[in-house]
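These notes concern the structure reproduced below.
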Amino acid sequence: MLDKSYRPQEVEEKLYSRWMESKAFACGRNESEDAFTIVIPPPNVTGNLHMGHALNNTLQDILVRFERMRGKDVLWQPGTDHAGIATQMVVERQLAEQGITRHDLGREKFIEKIWEWKEKSGGSIIGQLHRLGASCDWERERFTMDEGLSKAVRKVFVQLHKEGLIYRDKRLVNWDPKFHTAISDLEVEQKEVNSHMWHFDYPIEGEEGRFITVATTRPETMLGDTGVAVHPDDERYKDLVGKFVILPLVGRRIPIVADEYADPEQGSGAVKITPAHDFNDFEVGKRTGLDVINIMDINACLNDDVPEAYRGMERFEARKKIVADIDALGLLNKIEDHTHTVPYGDRSGVVIEPLLTDQWFADAATLAQPAIRAVEKGNTKFVPSKWTNTYYDWMRNIQPWCISRQLWWGHRIPAWFGPDGMIFVEETEEQAYAAAKAHYGKDVELNQDEDVLDTWFSSALWPFSTLGWPDQTPELAKHYQTDVLITAFDIIFFWVARMMMMGLHFMDDEPPFHTVYIHALVRDEHGAKMSKSKGNVVDPLVLIDEYGADALRFFLSSSAAQGRDVRLSEQRVEGYRNFTTKLWNAARFCEMNECAIADGFDPFATKDPVNRWIVGEVAKCEAAVREALEGQRDGYRFNDASNAVYAFTWNVFCDWYLELAKIPFQGDDEAAKLETRSTSAWVLDQILKILHPFMPFVTEELWGTIGTKRDADLIVSDWPVYPETAVDQGAADELDWLQGLVTGIRAVRSEMNVPAGAKIPLIFNGGTDVQKDRLARHWDVISRLARLESNAIDADLPKGSLQFVHDGATVALPLAGAMDLDAEKARLGKEIGKLEGYMTGLNKKLGNEKFVASAPEAVVQGERDKLSEAEVKLAKLKEAAERLAEL
RNA sequence: GGGUGUAUAGCUCAGUUGGUUAGAGCGUUGCCUUGACAUGGCAGAGGUCACAAGUUCGAAUCUUGUUACACCCACCA
C-alpha cells in the first residue's frame, strides 16, 4: 500500500543501499557485447559537491541508467583526483593549527599525514554523489595516486621521455611565490588592476646630462635590468644603439640594444629589459645577447644579487623604496595612472613571478597534432559543436607544458640524478640504478628528482589508467574507447585536450571518447556565477534535503538546453517536487482502483479506443525521450527528453487518461473495467521506466510498492520497446476530437460564467455519422468531463443557446433564460472577427501566384485545407449569430 | 587586441533542416473543498520574437550591419 504522501527523505537512502547491495551498478552484470562507458570527471579528493557537480553527474547518470536499461554492459567509472596543491594546502593548514609546518615533519612523514587525512576525511564527495543517486560502479573506484594509476603515470613519463616528448629545460616559468612551485600557463589568471606606469630616466654613459627614459609597471625589476631596447628604425635613438647606460641604484653598465620588440609608439619608445623576470624580455635578451640576472628568491623577495639596501625585501616593499630612491636621485620622470593585467595564481591568489628554473616540460605541440586530427576527422566530436573551435584555437597555439611541480603531494618524477648530474629516467629505482651502473661502469649513489608531476598529468590518463592500463585487462579491451565525456567548458584545456593527447598516443591512435558533451555553468538565480566570495553558493545537498534528489535532478536535466547556462531556481526545483507528488498520487489512484496487469493482457490489442489511444501516446513519449537522449543524430538533448516525459505524465496520463478511466472504474461493465485496469497499470509501469533515468528514486519506490509482482528492481529492468502498431491513428483522432469537444464546452461555459457545478443540456447539430457515433459511445465521459445532463442530435435549437463550432459541427448549450444574451453576442462576434482575420491572411497567401507556384505542393494544399475548414466554421458561426440576433 | 555566445510573454527559458493563429514552467486573473492529488483541477489574460536593412512566394529561423550583455584567449613596457 502506498502512503498518502511521498517523502523522499525516507526512501532515498534505503533504495540506494538496496541498489548497492544488489550490485545493480556493477559493470559486467550484463554480459552484452554492447558496452557503454563513461568515466567520471574525478572530483578533487578535497572537494564538496557543488551545483556544477550535481549537474555534471545528473547528466551522466541519466545516460548510464538509460543505457543500462537498454541492455548494454554499462560502466560508469568513478574515482577521485589527488589534487596536488589543494590537498597539500588542506593538510598544511591542519598542521599549522598545531604550529607545525610540513618541513618540521619532513617529506615522508608529511605524505603519510596526507594519506591519513585522505583515509579519514578525504573523498566525502563520494557520499554526496550517492545522495544524488549516481549509479557508478563503486567497486571500481580509483584514485589518481593508486598503485595502478601511479604505475601508468611512470610508464607514460618514461616512454615520452625516451621518445623525446618530455624533456628537462631551464626556462622562465610561472612561479607561485606562495606555494613555491612552478605552475602551468593554464593555472595563471590574468586580472585587470589599476596601477601606475613609472617613467625613469637612465643616464647615458659618457654623455653628461643625457638620459634615456624607460617606462615600467614593475619598478622593482629594474634591479635586474641588463639592457635597454629601442626600435632599430627609431630615429630618436639611432645614435644611442651600442652605447651604454649606467643603471641607477645599481651602477651596472648595461647596453642599449636595437630590437623590434621596442614599440616607438609606446611611452618614450625605449624599454628596459629584465630577462630574468619577464617573458618578453627573456626573448629580447636571448636575441640581443644580454645577461640574465635573477634578482628574486622563491618567496619573490630580493636576493643577494641586488645592492645591499634591497636585499631580502619583499617585492612590493622594494617597489616603494626603489621609486622613492629614484625620485631622490632626481631620475623619476613621471608617474601615470595605468590599468593593466597582472598574473595571479589561480589557487594561491598571489601575483605570479616569472622565474628562471629547471623544470620538466612535455612537448605539447607534437602531442597535439594527432589530437587535432582526431577532431578534424570527426573521430571525436564536441556537443555543442561550437566548442570545436575553442579546442582547435588552443591546440594549434599550444605552448610547452610545464609538468613539474615543487610540491610533495603527487606522483614523484621518475628521474634520478647521478653524481655528475646525469639523469636516468626509469620506471623504478632499481632500473635507474641498473641504468646508472651500465653508464658509469660501477655502482653510484643516485638522487631522485624532488619534484612531483602536475595533477593533470595523471588525470590525462584517466580513461585508460582506470581500466587497468598498462595491463591488458578485459575491461580495457571492452570499455576503451569510452563513449561520451561529460564535462564543463572550463576544463576543456586542462583535461579534455590532454586526455586526447595521451589517449591517442598510448592507445594506438584511438581517441579516449567519441563524444565530448560540454554542459553549461550553473549560475545563481540572478545569473551571476556562484562563488564563495560572493556568498551566493547554493548547496545541492540542502536542496536534496528539502525537495528530494529527484526534484533537483529533474530541474537540472530539464534546464540543460545545449549552449545555455542554467539559472538555479528553487521555485522550479519545488515545481518538480510537485511533479513527484503528482506521480505518487496517480499511482495511488491506480492502486485504489485495483489496477493490475491481468494475465495474458496484451497492451497492443485493447478494445476501448481510450486504451488504444493512451498506449499509442506512451509509444510516442518513449520515442521522444529516446531520440532526445540517443547520441546517434543530435542527441544529448536532456531538456527535450525531460520535458517529453513530464508533459506525457502530467498533461496526458493524469489530466486526461485517468479522468477518462473513471468511467469504466465506476461502471459495471466488468470486461471494460478489467481492460482499463490492466492498461492503467501497464501505462504506469511504462512511465516509471521512461522516467527512471531522470527520477530514479520515486520511480523505484513506486515500482516496488504498487501491487504488481516484480522479478527485479526497476533499475535493472528493460527499457521498453513497442511494436509499430502501438500507435492507432484512428483512436488518436477520436480522442483528439473528444478532447476538443470537452475543452470547447468548458471554455464556453467558463467564459460565459455558467456555474461550474451546473449540469446543462447539449445539442449537437450538423455532425458527421462518425462524430455522432463518437458522441454516443463516449457520452458517459463527455457528460462527466463537461458537466452535461442530456444530449440531442440534430435537434431544433432553442432561442437562447451558447454556441460554438467544433470540427465542422455546431455545438449548442441551451441555457434558456439563464444566459446573458449580450455577452454571448459579443463573444460570438469576437470569435467571428478573429476567424475572418485569419481567413484574410490565408486568402492573401493563396491569392499570391508566386506562393502557389513556388511553395511545395503539400504546403499549398495545407493552406487550402485550412481555408476550407475555416469557411465551414465561419458559415456555422454566422448562422449561430443570426439565430441570436432574432431574439 | 582576437574570438565565441546570447537577446522570444512580468520572470526563467524551449522553438530540430525557413511554411503554427509563436510554445512551456513559474507568476498572474476568474471559477472550483468534483471520491488520486489545493504540492491540486478547469478556463483565461499576456509576445510588432533587441533594432535596421537584405535574400525569399514566405523569416523568430538565413545574410549583413547596429546596440546591449556574458564569456574565453592574448607578452604590449
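Naming convention: chains lettered A, B, ... in sequence-line order (proteins, then strands); numbering from 1 in each chain.
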Report which part of the nucleic acid [X] touches: base, sugar-phosphate, or nothing (heavy-atom distance under 4.0 Å, all strands).
X: A:Lys759; result: nothing
X: A:Pro755; result: nothing
X: A:Arg396; result: nothing
X: A:Ala262; result: base
X: A:Phe279; result: nothing
X: A:Ser854; result: base

Handout entry: A:Lys334 side chain near A:Trp198 side chain, heavy-atom distance below 4.5 Å
Key =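 The answer is no, as the side chains (C-beta and beyond) never meet within the 4.5 Å cut-off.
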Problem - side-chain contact (heavy atoms from CB on, under 4.5 Å) partner of A:Val742, the single match among A:Leu785, A:Leu660, A:Leu788, A:Val781 - result: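 Answer after filtering A:Leu785, A:Leu660, A:Leu788, A:Val781: A:Leu785.
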Fill in the blank from the handout: Readout for nucleotides 35-48 of chain B: B = base within 4.0 Å of protein heavy atom, S = sugar-phosphate only, - = neither; 5' to 3' it is -BB-BSSSSS----
Handout entry: Under 4.0 Å protein heavy-atom contacts per nucleotide of nucleotides 8-15 of chain B, with B for base, S for backbone only and - for none
Key = ----SSS-
Which of these nucleotides, [options], is closest to any side-chain atom of [X]?
X: A:Gln571; options: B:U21, B:C76, B:G27; result: B:G27
X: A:Tyr838; options: B:C31, B:C75, B:U21; result: B:U21
X: A:Asp263; options: B:C71, B:A77, B:C57; result: B:A77

Practice task
Quick one: pull up CG in A:Asp201 and CG in A:Leu331 and give me the separation to the nearest 0.5 Å.
Solution key: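 These two atoms lie 6.0 Å from each other.
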Exercise for the section: Using the salt bridge (Lys or Arg N to Asp or Glu O under 4.0 Å) rule, collect all pairs that involve residues 836-851 of chain A, keeping only residues at least two apart or in two chains. Expected result: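 Applying salt bridge (Lys or Arg N to Asp or Glu O under 4.0 Å) to every pair that reaches into residues 836-851 of chain A, excluding sequence neighbours, yields A:Glu836-A:Lys878, A:Lys845-A:Glu863.
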Practice task
Can you tell me which residue pairs pass the side-chain hydrogen bond (donor to acceptor under 3.5 Å, both in side chains) test with a partner in residues 751-760 of chain A, sequence neighbours excluded?
Solution key: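 Checked against side-chain hydrogen bond (donor to acceptor under 3.5 Å, both in side chains) - neighbours excluded - no pair reaches residues 751-760 of chain A.
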Separation of [X] atom [atom1] from [N] atom [atom2], in whole Å?
X: A:Gln190; N: B:G2; atom1: CD; atom2: C1'; answer: 15 Å
X: A:Ile663; N: B:U34; atom1: CD1; atom2: C1'; answer: 12 Å
X: A:Asp393; N: B:C71; atom1: CG; atom2: P; answer: 19 Å
X: A:His340; N: B:A77; atom1: NE2; atom2: P; answer: 7 Å
X: A:Glu265; N: B:G1; atom1: CD; atom2: P; answer: 16 Å
X: A:Phe489; N: B:U6; atom1: CZ; atom2: P; answer: 14 Å
X: A:Ile760; N: B:U34; atom1: CD1; atom2: C1'; answer: 16 Å
X: A:Trp387; N: B:U6; atom1: CH2; atom2: C1'; answer: 12 Å

Problem - Whether over 12 other heavy atoms sit under 6.0 Å from A:Glu869 CD - result: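 No, because the 6.0 Å sphere around CD of A:Glu869 holds 12 heavy atoms or fewer from other groups.
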Phosphate-side-chain proximity, [X] and [N], N/O vs OP1/OP2 below 4.0 Å:
X: A:Lys866; N: B:U21; answer: yes
X: A:Thr221; N: B:A77; answer: no
X: A:His199; N: B:A77; answer: no

Taking atom [atom1] in both [N] and [M], what distance in whole Å separates the two?
N: B:C49; M: B:U20; atom1: C1'; value: 14 Å
N: B:U33; M: B:A70; atom1: C1'; value: 48 Å
N: B:G15; M: B:C71; atom1: P; value: 23 Å
N: B:A43; M: B:U61; atom1: C1'; value: 32 Å
N: B:G23; M: B:U16; atom1: P; value: 14 Å
N: B:A52; M: B:U8; atom1: P; value: 15 Å
N: B:G54; M: B:C76; atom1: P; value: 43 Å
N: B:C42; M: B:A60; atom1: P; value: 32 Å

Practice task
For A:Gln9, check side-chain hydrogen bond (donor to acceptor under 3.5 Å, both in side chains) against everything at least two apart and list the hits.
Solution key: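 Not a single residue meets the side-chain hydrogen bond (donor to acceptor under 3.5 Å, both in side chains) criterion with A:Gln9.
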Practice task
Give the ring-plane orientation class for A:Phe653 versus A:Tyr657, where under 30° counts as parallel, over 60° as perpendicular and anything between as tilted.
Solution key: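 Plane angle under 30°, so parallel.
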Exercise for the section: Go through A:Phe555 and A:Phe694 one step at a time and tell me if the ring pair (Phe, Tyr, Trp, His ring centres under 6.0 Å) criterion holds. Expected result: CA-CA 10 Å; A:Phe555 161 72; A:Phe694 306 89; over 10 Å; no
Problem - Over-ring placement of A:Arg746 relative to A:Trp656, 6.0 Å and 45° cut-offs - result: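 Positive - A:Arg746 is close enough to the ring of A:Trp656 and near enough to its axis.
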Handout entry: Side chains of A:Lys386 and A:Thr388, donor plus acceptor under 3.5 Å
Key =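 Judged by distance alone, the side chains do not pair up.
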Practice task
Determine which bases of RNA chain B form Watson-Crick or G-U wobble pairs with both distances under 3.5 Å, and write the result as a 5' to 3' dot-bracket string with | for other-strand partners.
Solution key: (((((((..((((.....[...)))).(((((.......))))).....(((((..]....))))))))))))....
Exercise for the section: Would you please indicate yes or no on a ring centroid separation below 6.0 angstrom for A:Phe579 and A:Tyr646? Expected result: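 Under 6.0 Å, so yes.
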Practice task
Compute the centroid of each ring, for A:Phe489 and then for A:Phe382, and state whether the two points are separated by less than 6.0 Å.
Solution key: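 No, too far apart.
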Handout entry: Closest-nucleotide 5' rank along RNA chain B - winner of A:Tyr646 and A:His338
Key =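 It is A:Tyr646 whose nearest nucleotide is closer to the 5' end.
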Handout entry: Shortest non-hydrogen contact from A:His231 toward A:Ala262
Key =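 Nearest heavy atoms, A:His231 then A:Ala262: CD2-O, 3.1 Å.
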